[in-house]
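Shown next, in structure tokens, is the structure this report addresses.
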Amino acid sequence: MAGWVHAKRDLGGKKFLLLRDRDGIVQVVISKDQRELCELFYELTLESAVSVVGKVRADARAPGGFEVVPTRIVVLNLARAPLPLDVSGKVPADVDTRFRERVLDLRREETKAMFKVLSVALRAMREELYSAGFVEVFTPKIVATATEGGATLFPVAYFGREAYLAQSPQLYKELLAGAFERVFEIAPAWRAEESDTPYHLAEFISVDVEMAFANYEDAMRILERVVARAAREVREVAPRELRVLGYEPPEIRLPVRRITYADAARVLAESGERVDPGEDLSTPHLRRLSELVGEEVYFIVDWPDKTRPFYTMPKDDGVFSESFDFVWGHLEIASGSTRVHRKDLLVKRLKERGLNPENFEFFLKWFDYGMPPHAGWGMGLARLGLMLTGAKNVRELVAFPRDKKRLVP
RNA sequence: GCCGCGGUAGUAUAGCCCGGCCUAGUAUGCGGGCCUGUCGAGCCCGUGACCCGGGUUCAAAUCCCGGCCGCGGCGCCA
């Protein structure tokens with residue numbers, strides 16, 4: 001077997017080498033009379049990569065009831081000492097240190113547990129979507145225009161032309177729904193925003209769903225099932241990891257409660273918060289609201305139309321829209337809506353927002369050819385990860401996070 | 001970008017408010033010794049640090065100013 005030197009204990013007569021691999025930690029025992037192995041033992045440094053050939057034997061004194069008596073130990077790569085980060089979990093590290101020394105940090109049990117949980121959740125979400133008839137797709141990540149105005153894009157030199165990294169698969173996933181009916185994509189998106197918070201990244205993984213012949217109610221039903229299944233499977237498949245994390249994800253009972261924006265604003269106003277009618281809710285508002293609502297997760301539905309992008313279907317009243325946010329505590333984990341499928345309305349809404357419909361011809365054109373009513377949502381994977389792991393910062397759930405400050409490693 | 005808090009050995013921290021008793025304490029790591037089936041092994045010895053630049057003062061890790069860096073809150077943000 002092969003792994004990393006997790007710890008060493010020298011008791012003279014016996015030397016214990018704790019070897020860690022993806023399955024866990026196993027004890028290797030070296031006796032005093034094994035001269036060469038003892039020499040090697042002294043030279044080994046923590047986190048060195050080694051391979052061990054030996055006999056596994058049961059021994060009640062060993063942790064887990066068995067241990068390995070080696071006949072041969074090969075040092076594959078001797079680690080430099082001292083380590084810039086404690087992997088064994090004895091000494092904590094600042095988040096900044098952890099990202100600087102990320103590969104060592106990723107070997108820590110706690111960090112590995114987070115990524116395992118995220119992986120289980122991804123598989124659960126895919127399975128739920130596949131079983132509901134969704135097709136997994138990919139949309140272009142180099143694009144010609146912003147999906148909507150405002151958000152800052154990362155420019156890319158593209159054969160002498162200016163292009164951008166996609167901030168969202170939005171428009172392309174809609175077009176794909178116009179062919180496959182039900183599509184989803186799990187892929188990166190980029191935003192060059194000033195946002196500097198524990199739940200924003202310049203590069204993040206977005207879980208996107210788009211479904212034809214559907215409205216936002218249908219989209220919410222899929223979303224709550226996907227999230228509930230992810231939470232359930234994490235609890236069932238990764239209990240060991242959750243124990244390491246000392247965390248239990250919420251149990252999500254369906255249907256998840258829906259609260260209209262209007263009711264949310266009213267409840268907030270009644271509790272003494274100042275809410276500008278028709279404006280987006282601020283983070284402090286959402287913190288307060290989650291206390292008032294008393295649910296771990298809930299939907300805020302029917303947002304004011306003006307807070308939503310052009311492709312969102314307005315309600316007949318002209319004020320609100322067929323839209324929703326999925327909220328955990330004070331954090332928006334996903335948002336979606338019924339989309340506008342009529343070209344004339346799309347053009348009108350683009351103009352209202354100061355966007356030039358000519359730049360969207362690649363998108364609008366297909367609304368002349370039977371684009372069905374459709375709806376969908378987008379979810380920040382790492383934000384969901386916060387709910388599933390109890391991590392406090394989305395960066396912890398990205399192996400090599402990209403934010404305003406970090407471009408390396 | 002604004003506000004708040006912070007920056008002490010490889011790592012994580014105590015000390016700072018109330019300047020001198022700091023030759024800067026502790027844990028972990030590292031080096032050495034003892035112990036000898038440990039299991040976060042234990043015990044002893046050693047090793048290694050005050051972010052940068054100014055200022056105040058007899059005296060600065062400690063007080064003041066500027067800078068850089070980090071974290072949090074907010075803003076911005078589908």
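Quick caveat, the model's predicted, so the values are computed rather than measured. The figures here come from the full heavy-atom set of this structure, side chains too, leaving out hydrogens, waters and symmetry mates.
When both distances must be under 3.5 Å, the Watson-Crick or G-U wobble mate of B/rA49 does not exist. Using N1 to N3 plus N6-O4 or O6-N4 for Watson-Crick, or N1-O2 and O6-N3 for G-U wobble, each under 3.5 Å, B/rU57 pairs with nothing. B/rG10 is paired with B/rU28 under the criterion used here, namely a Watson-Crick or G-U wobble arrangement in which both key atom distances are under 3.5 Å. Pairing for B/rU38 is absent, judged as Watson-Crick or G-U wobble with the two contacts each under 3.5 Å. The base-pairing partner of B/rC2, taking Watson-Crick or G-U wobble contacts with both distances under 3.5 Å, is B/rG73.
As judged by a 4.0 angstrom heavy-atom cut-off over every strand, A/Arg353 is placed among residues making no nucleic acid contact. Here A/Arg395 lies out of heavy-atom contact (under 4.0 Å) with every strand. Here A/Asp325 lies out of heavy-atom contact (under 4.0 Å) with every strand. Within the nucleic acid shown, A/Ser335 comes within 4.0 Å of sugar-phosphate atoms alone, with no base atom in reach, counting heavy atoms only. Among the heavy atoms of the strands lying under 4.0 Å from A/Ser282 are primed sugar atoms or P, OP1, OP2 only; no base atom is included.
Taking the six-membered ring for Trp and thresholds of 30 and 60 degrees, A/Phe360 and A/Phe362 have nearly parallel ring planes, at less than 30 degrees apart. Taking the six-membered ring for Trp and thresholds of 30 and 60 degrees, A/Phe367 and A/His374 have ring planes inclined between 30 and 60 degrees apart. By the 30° and 60° cut-offs, the orientation of the rings of A/Tyr261 relative to A/Phe320 is tilted.
For A/Pro63, the listed nucleotide lying nearest its side chain is B/rU38; candidates were B/rU38, B/rU13, B/rC30. Checked against B/rC71, B/rG37, B/rG10, the side chain of A/Pro84 finds its nearest nucleotide in B/rG10. When the nucleotides B/rU11, B/rC77, B/rC71 are ranked by their closest atom to the side chain of A/Val91, B/rU11 comes out on top. Here the side chain of A/Ala62 is nearest to one of B/rG37, B/rG72, B/rU11, namely B/rG37. Checked against B/rA12, B/rG29, B/rG37, the side chain of A/Ala93 finds its nearest nucleotide in B/rA12. For A/Gln27, whose side chain is taken as the heavy atoms from C-beta onward, the closest listed nucleotide among B/rG37, B/rC76, B/rG1 is B/rG37. When distances are taken from the side chain of A/Arg191 to each of B/rG73, B/rC77, B/rC71, the shortest belongs to B/rC77.
A/Tyr172 and A/Glu185 are not linked by any side-chain donor-acceptor pair at a separation below 3.5 angstrom, with hydrogens and angles left out of the test. A/Thr111 and A/Glu396 are not linked by any side-chain donor-acceptor pair at a separation below 3.5 angstrom, with hydrogens and angles left out of the test.
If you measure from atom CZ of A/Arg308 to atom C1' of B/rC77, you get 13 Å, rounded to the nearest angstrom. Distance, A/Asp96 CG to B/rC71 C1': 9 Å, rounded to whole Å. When rounded to the nearest whole Å, the span between CG of A/Leu281 and C1' of B/rC76 equals 16 Å. In this entry the distance linking CD of A/Glu67 with P of B/rU38 reads 12 Å, nearest Å. One atom, OH of A/Tyr199, and another, P of B/rG72, lie 10 Å apart when rounded to the nearest Å. Put simply, CG on A/Leu85 is 12 Å from P on B/rU13, counting in whole angstrom units. Atom NZ in A/Lys14 sits roughly 18 Å away from atom P in B/rC35 (whole-Å rounding). For the pair A/Lys90 NZ and B/rU13 P, the interatomic distance rounds to 18 Å; values are reported in whole Å.
Put simply, the side chain of A/Glu101 and the base of B/rG10 share no donor and acceptor less than 3.5 Å apart. Side-chain atoms of A/Thr283 stay outside donor-acceptor range of the base of B/rC74, with no qualifying N/O pair under 3.5 Å. In terms of polar N and O atoms assigned as donor or acceptor, the side chain of A/Arg100 never comes within less than 3.5 Å of the base of B/rG10 in a complementary pairing.
Contact check, A/Thr152 against B/rC76: no side-chain N or O comes under 4.0 Å of OP1 or OP2. Contact annotation: A/Asn393 side-chain N/O to B/rC71 OP1/OP2 distance is not under 4.0 Å. Contact between the side-chain N/O atoms of A/Arg287 and the OP1/OP2 oxygens of B/rG73 is found at a separation under 4.0 Å.
With P as the reference atom, B/rA12 and B/rC71 are 12 Å apart, rounded to whole Å. Between the P atoms of B/rG55 and B/rC74, the separation comes to 40 Å (whole Å). Nucleotides B/rG33 and B/rG25 have their P atoms positioned 25 Å apart, rounded to a whole Å. Rounded to the nearest Å, the gap between the P atom of B/rC58 and that of B/rU13 is 36 Å. B/rG10 sits 33 Å from B/rC18 when the C1' atoms are compared, rounded to a whole Å. B/rA60 and B/rC17 have their P atoms separated by 14 Å, with the value rounded to a whole Å. Separating the C1' atom of B/rG1 from that of B/rU47 is a span of 45 Å, rounded to the nearest Å. Separating the C1' atom of B/rU8 from that of B/rC34 is a span of 33 Å, rounded to the nearest Å.
Enclosure of atom CZ in A/Phe400 by more than 12 non-hydrogen atoms of other residues, nucleotides or ligands within 6.0 angstrom is indicated. Remark: A/Phe66 CZ is loosely packed, at most 12 non-hydrogen atoms of other residues, nucleotides or ligands lying under 6.0 Å away.
A/Phe16 does not carry A/Lys8 over the face of its six-membered ring by the limits of under 6.0 Å from the centre and within 45° of the normal.
Position along RNA chain B of the nearest nucleotide to A/Phe16 versus A/Val95 favours A/Phe16 as the more 5'-ward residue. Judged by closest nucleotide on RNA chain B, A/Lys405 is the one of A/Glu332 and A/Lys405 placed further toward the 5' end.
Residues satisfying the salt bridge (Lys or Arg N to Asp or Glu O under 4.0 Å) test with A/Arg221, not counting sequence neighbours, are A/Asp218.
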